[in-house]
Amino acid sequence: MRPAPTILHLDMDAFYASAEQAAKPSLRGKAVVVGGLGPRGVVATASYEARRLGVHSAMPTAQARRLAPNAAYLVPRFSLYRTVSDQAMELLGRLSPLVEPLSLDEAFVDLEAGGAADDSASARATGEGLRVAIRAVTGLSGSVGLAGSKMLAKIASEEAKPDGLLVIEPGTERELLAPMSVRILPGVGPATGDHLRRAGMTTVHDLAEAGEAELVRLVGKAHGHGLFRMALGLDDRPVVAERDAKSVSVEDTFDVDLHDRVRVRAEVERLAVRCVERLRAAGRSGRTVVLKVRRYDFSTLTRSETLRGPTDDPTVVREAAGRLLESVDTTGGVRLLGVGVTGLADYTQEDLFAQAADARELAQRALEHHAPTAEGGEEEAAPEPEADSAEQLAARRWPAGHDVHHEEHGHGWVQGSGIGRVTVRFEEPWSAPGRVLTFRIDDPLLRPADPLPLVRESPDYSSWPASLPKSRSSGAGSSEGGESSP
């Protein structure tokens, strides 16, 4: 534990949904739900307006629609979220060399390591200035927690939401934590929380009073020891600048089970290419290809193949995933497919290109083996893939919430599609709410577009943080009661 609150935790508020509201003037102040929109979709993020209706992340989208039937349901736009995340992380990197990203929308920062703070007053000033910078550069709000440890800084940012700042002064940890639910502590999920509740422990104070021996008896030695320390507010984990990823993977859940083997193979190949795109974006390569298949009965199978060396070649990964698929029975139907790469490295093995060529040669030989015979016989025709409905094709081409451009009407976003039509609202992040028009899904004047920046003219922060304001500006959107300390 540090003697000053110099560990900062930034958590962007309802990140995906807030980004969509900032991009779409007509949705500001309204319930917005971002996630999978099919029958098996899951909520990724809900705006605060939707949360007041009972919608929360990880909830099935079908349940969310029952709770908030009038909300806007949008498909995630990860290219936009990554751009905004990069902007926020770049600002954090100017504060300290020790920045530990946890996800696109949250990170720890060691302010002391960067000389940005060494006591409560300077830490608070830096946190306030960061909130101003985040708002100015990204157009979104973030909540900031400051404390002497990572655990407490994260708890502080959660308590400060939305759009607030909370400083936990060293020495006040136990008093602050005591009345909180045990679920506030890292590692206490629903199962552990229920187990502790049955033992009569519902608050952090209860854990501290129970003592280490009793917690060890209830949840085991390792977990019990850690739980007792956290209940006392003790956490010595350092901020780690790089969290080394162990794998890169992508997966898709299908609205309707896939039965056709050709379609399943095509989806596996598509996922393999997406996986390699992520691998290359991270500047990594990998040695082991992993295939994940969840069948109609929810049984999940994984298969893996270790290559001769690390690769980031899409052909190698695609063909390895295809070989793994051959060992999986998909007769009853497939709900989910995933392709991943593990054994990550920062280099590639050159001879894997030859390996890919060898695999292609083997495939060609197999084709020649089944080629038409001299007697005029023909190769057995492969079954045709299952045809998607017109509505499924429209939803895939024009996902709800995604950007489009019309040659006559300009930039807009998809409100919905189906029955051969796509409905578009034409507006920009800095415009007034726009008008709505409907087109045929094959209208030649309409095309997908890239997201627009959320801030039309971003301020110059080239000399930041030296020039960072020490108090929030009037246009920063402060919420009442958001800034506090215990």
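Annotation: the span from Thr253 atom OG1 to Arg294 atom CZ amounts to 6.5 Å, rounded to 0.5 Å.
Side-chain contact of Glu20 with Tyr81: a donor-acceptor pair under 3.5 Å is present, judged by distance alone. A side-chain donor-acceptor contact under 3.5 Å links Ser103 and Asp105. In this model, a donor atom of one side chain and an acceptor atom of the other lie less than 3.5 Å apart for Arg425 and Ser26.
A cation-pi contact, defined as under 6.0 Å to the ring centre and within 45° of the axis, links Arg65 to Tyr73.
Here the side chains of Asp13 and Tyr48 are in contact, with some heavy-atom distance below 4.5 Å. The closest side-chain heavy-atom distance from Leu234 to Phe228 is not below 4.5 Å. Between Val339 and Val290 the shortest side-chain heavy-atom distance does not fall below 4.5 Å. At a threshold of 4.5 Å between non-hydrogen side-chain atoms, the residues Val289 and Leu307 count as touching. At a threshold of 4.5 Å between non-hydrogen side-chain atoms, the residues Tyr16 and Val84 do not count as touching. For the pair Leu218/His195, a side-chain contact is recorded, criterion being any heavy-atom separation below 4.5 Å from C-beta on. Contact check for Ser96 versus Leu98: side-chain heavy atoms found under the 4.5 Å cut-off. When side chains are defined from C-beta on, Thr288 does not count as touching Glu305, because their heavy atoms never get closer than 4.5 Å.
In this structure, His402 contributes its side chain and Pro76 its backbone to a donor-acceptor pair below 3.5 Å. Remark: the backbone N or O of Ala46 is paired with a side-chain donor or acceptor of Arg51 at under 3.5 angstrom. A donor-acceptor pair under 3.5 Å is formed between the side chain of Ser122 and the backbone N or O of Asp119. Formation of a donor-acceptor pair under 3.5 Å by the Asp206 side chain with backbone atoms of Thr202 is found in this model. In terms of modelled atom types and a separation under 3.5 Å, the side chain of Glu100 and the main chain of Val240 share a donor-acceptor contact. Between the side chain of Ser18 and the backbone N or O of Phe15 there is no donor-acceptor pair closer than 3.5 Å.
Dense packing is recorded around CG of Asp252, with more than 12 heavy atoms of other residues, nucleotides or ligands lying under 6.0 Å away.
Asp255 has no carboxylate O lying under 4.0 Å from a charged side-chain N of Arg40, or vice versa, which leaves the two without a salt bridge. For Arg280 and Asp312, the salt-bridge test passes: some basic side-chain N is under 4.0 Å from an acidic carboxylate O. Taking the charged nitrogens against the carboxylate oxygens, Arg274 and Glu277 have no contact shorter than 4.0 Å, which rules out a salt bridge.
For Arg66, the side chain to side chain contact (heavy atoms under 4.5 Å, CB included) partners are Ala62, Gln63, not counting sequence neighbours.
Closest non-hydrogen pair, Arg131 versus Val144, comes out as CG-CG2, 3.7 Å.
For residues 180-193, there are no side-chain hydrogen bond (donor to acceptor under 3.5 Å, both in side chains) pairs, not counting sequence neighbours.
Between His9 and Phe108, the angle of the ring planes lies from 30° to 60°, which puts this pair in the tilted group.
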Just distance, no hydrogens or angles: give the donor-acceptor pairs under 3.5 Å from side chains in residues 409-416, sequence neighbours left out.
{"residue": "His409", "atom": "ND1", "partner": "Arg435", "partner atom": "NH2", "Å": "3.0"}
{"residue": "His411", "atom": "NE2", "partner": "Asp403", "partner atom": "OD2", "Å": "2.9"}
{"residue": "Trp413", "atom": "NE1", "partner": "Glu427", "partner atom": "OE2", "Å": "2.8"}

